[in-house]
Amino acid sequence: MKKIIHITSSTNGENSFSTRLGKAIIEKIQAQHPDSAIAKRDLIADPAPYISAEHVVAFFTPEDLHTVEMIESASYSKTAVDELLESDILVISAPLINLSIPAQLKSWIDHITRSGQTFRYSEAGPEGLVKGKKVFLALSGGAIYSEGMMKEYDNMVPYLKGILGFLGMTDITVYWAEGTAIPHLKETALERAIENIIIPQDLGVIA
Ligand SMILES: Cc1cc2nc3c(=O)[nH]c(=O)nc-3n(C[C@H](O)[C@H](O)[C@H](O)COP(=O)(O)O)c2cc1C
């Protein structure tokens with residue numbers, strides 16, 4: 001059984017391009033793996049708190065020394081890290097916001113990027129500890145960023161590939177529903193993105 005986590009970060013609710021694209025990816029995975037279990041993390045309805053001084057103290061204090069306050073401060077992070085480590089497949093839905101990822105998604109990333117839990121440093125350099133995951137990015141932008149003159153302005157794909165790779169998630173497939181602000185493209189942006197979805201039979205690195 002595949003455990004899928006669908007992370008959404010659009011303020012557009014059910015109409016969201018990136019959320020609908022993520023759902024289409026999951027439907028295609030389910031067609032191949034009908035026993036998949038799906039967990040949802042809606043970062044707009046249930047935002048990850050911005051990292052505060054209390055979070056930092058809790059994150060860098062050994063767990064066996066945690067006070068009740070530190071346990072509380074680290075609780076969102078603990079749930080998010082556990083959920084991540086237990087999953088086989090991540091589907092991250094995100095709109096492009098001011099040339100980058102939504103702040104809510106960045107905040108979730110700040111809670112899952114935990115020294116000693118999801119990455120560590122050794123003499124060989126950094127090592128990601130979140131291994132064996134397949135990641136699909138379901139992205140949306142008003143303009144076209146996957147190619148052409150706007151591509152260099154996209155900080156979303158380079159950043160997500162960078163940070164997820166740093167944590168050990170290197171098997172990443174990107175789909176864009178893009179041109180959603182461009183007449184004659186916006187009407188078919190989602191449909192064209194869904195048509196392109198290919199789910200590998202073995203889902204890449206997943207056993
Ligand atoms: C605050 C804000 C900032 C945005 N910034 C960009 C941007 O930098 N580039 C772009 O092409 N589209 C931008 N957009 C448009 C969205 O990326 C586009 O509408 C996308 O299709 C929304 O996806 P969603 O329906 O999943 O939220 C922005 C939208 C909002 C609300």
Side-chain angles (χ1 to χ4, degrees), residues 2-31 36 38-51 76 80 83-84 87 89-113 133-167 169 171-199:
K2 304 294 180 198
K3 287 189 183 171
I4 306 170
I5 175 163
H6 188 193
I7 294 147
T8 55
S9 58
S10 167
T11 53
N12 285 336
E14 293 296 312
N15 294 325
S16 159
F17 285 95
S18 59
T19 300
R20 286 184 288 162
L21 181 56
K23 282 183 180 169
I25 292 169
I26 290 171
E27 278 170 20
K28 293 201 181 191
I29 296 171
Q30 282 180 304
S36 303
I38 300 154
K40 292 180 186 172
R41 187 160 278 275
D42 180 343
L43 298 175
I44 302 300
D46 181 20
Y50 282 152
I51 297 293
Y76 183 97
E83 197 171 58
L84 174 65
S87 67
I89 301 165
L90 268 84
V91 178
I92 301 178
S93 290
L96 192 75
I97 299 293
N98 299 324
L99 305 180
S100 190
I101 63 170
Q104 294 89 342
L105 180 57
K106 174 63 166 58
S107 208
W108 176 80
I109 289 170
D110 291 340
H111 283 270
I112 59 155
T113 304
K133 314 294 180 196
K134 172 72 196 169
V135 181
F136 292 95
L137 301 180
L139 310 179
S140 188
I144 303 283
Y145 292 86
S146 63
E147 59 184 16
M149 64 181 179
M150 294 301 286
K151 188 171 179 179
E152 65 178 297
Y153 290 96
D154 165 39
N155 297 292
M156 180 148 70
V157 172
Y159 174 68
L160 287 174
K161 282 190 168 177
I163 187 67
L164 296 173
F166 178 80
L167 298 178
M169 293 171 272
D171 187 346
I172 300 173
T173 304
V174 181
Y175 292 111
W176 277 100
E178 55 185 347
T180 64
I182 302 175
H184 308 301
L185 286 183
K186 63 180 179 187
E187 295 81 3
T188 56
L190 182 65
E191 190 183 313
R192 284 181 287 113
I194 291 174
E195 272 171 17
N196 286 331
I197 298 169
I198 296 170
I199 306 297

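One-based numbering, in listed order, for ligands and for the atoms of each. These numbers were taken from a predicted model, which means no experiment stands behind them.
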Residue-ligand contact Y153/ligand 1, heavy atom below 4.0 Å: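 No, Y153 has no heavy atom closer than 4.0 Å to ligand 1.
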Measuring from atom [atom1] of [X] to atom [atom2] of [Y], what distance do you get when rounded to the nearest 0.5 angstrom?
{"X": "I92", "Y": "I172", "atom1": "CD1", "atom2": "CD1", "result": "8.0 Å"}
{"X": "D42", "Y": "T8", "atom1": "CG", "atom2": "OG1", "result": "4.0 Å"}
{"X": "L105", "Y": "S18", "atom1": "CG", "atom2": "OG", "result": "10.0 Å"}
{"X": "E83", "Y": "I112", "atom1": "CD", "atom2": "CD1", "result": "10.5 Å"}
{"X": "I25", "Y": "I89", "atom1": "CD1", "atom2": "CD1", "result": "11.0 Å"}
{"X": "I26", "Y": "I38", "atom1": "CD1", "atom2": "CD1", "result": "5.5 Å"}

Find all atoms of ligand 1 within a distance of less than 4.0 Å from any non-hydrogen atom belonging to [X], and give their numbers and elements.
{"X": "G142", "value": "10 (C), 11 (O), 12 (N), 15 (C), 16 (C), 17 (O), 18 (C)"}
{"X": "S16", "value": "24 (P), 25 (O), 26 (O)"}
{"X": "T180", "value": "18 (C), 19 (O), 20 (C), 21 (O)"}
{"X": "P95", "value": "22 (C), 23 (O), 24 (P), 26 (O), 27 (O)"}
{"X": "I97", "value": "2 (C), 3 (C), 4 (C), 5 (N), 29 (C), 30 (C)"}

For [atom], find the nearest protein heavy atom and state the residue, atom name and distance (0.1 Å precision).
{"atom": "atom 20 (C) of ligand 1", "answer": "S140 OG, 3.4 Å"}
{"atom": "atom 6 (C) of ligand 1", "answer": "L96 O, 3.4 Å"}
{"atom": "atom 24 (P) of ligand 1", "answer": "S10 OG, 3.4 Å"}
{"atom": "atom 5 (N) of ligand 1", "answer": "N98 N, 2.8 Å"}
{"atom": "atom 10 (C) of ligand 1", "answer": "Y145 OH, 3.3 Å"}

Can you give each donor-acceptor pair under 3.5 Å made by side-chain atoms of residues 151-167, sequence neighbours left out, with the distance rounded to 0.1 Å?
unit_1 : atom_1 : unit_2 : atom_2 : d
D154   : OD1    : M156   : N      : 2.6
D154   : OD1    : V157   : N      : 3.4
D154   : OD2    : V157   : N      : 3.3
N155   : ND2    : L99    : O      : 3.0
N155   : ND2    : Y153   : O      : 3.4

Distance-only N or O hit between ligand 1 and T11, under 3.5 Å: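 Min N/O separation from ligand 1 is not below 3.5 Å for T11.
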Minimum side-chain heavy-atom gap R192-L185 below 4.5 Å: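 The answer is yes, as the side chains (C-beta and beyond) meet within the 4.5 Å cut-off.
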Location of contacts on N12 toward ligand 1, heavy atoms closer than 4.0 Å: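 Just the side chain.
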L99 contact mode with ligand 1 (heavy-atom cut-off under 4.0 Å):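 Both the backbone and the side chain of L99 come within reach of ligand 1.
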W176 and Y145 aromatic ring geometry - parallel, tilted or perpendicular at 30°/60° bounds: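 It falls in the parallel class, under 30°.
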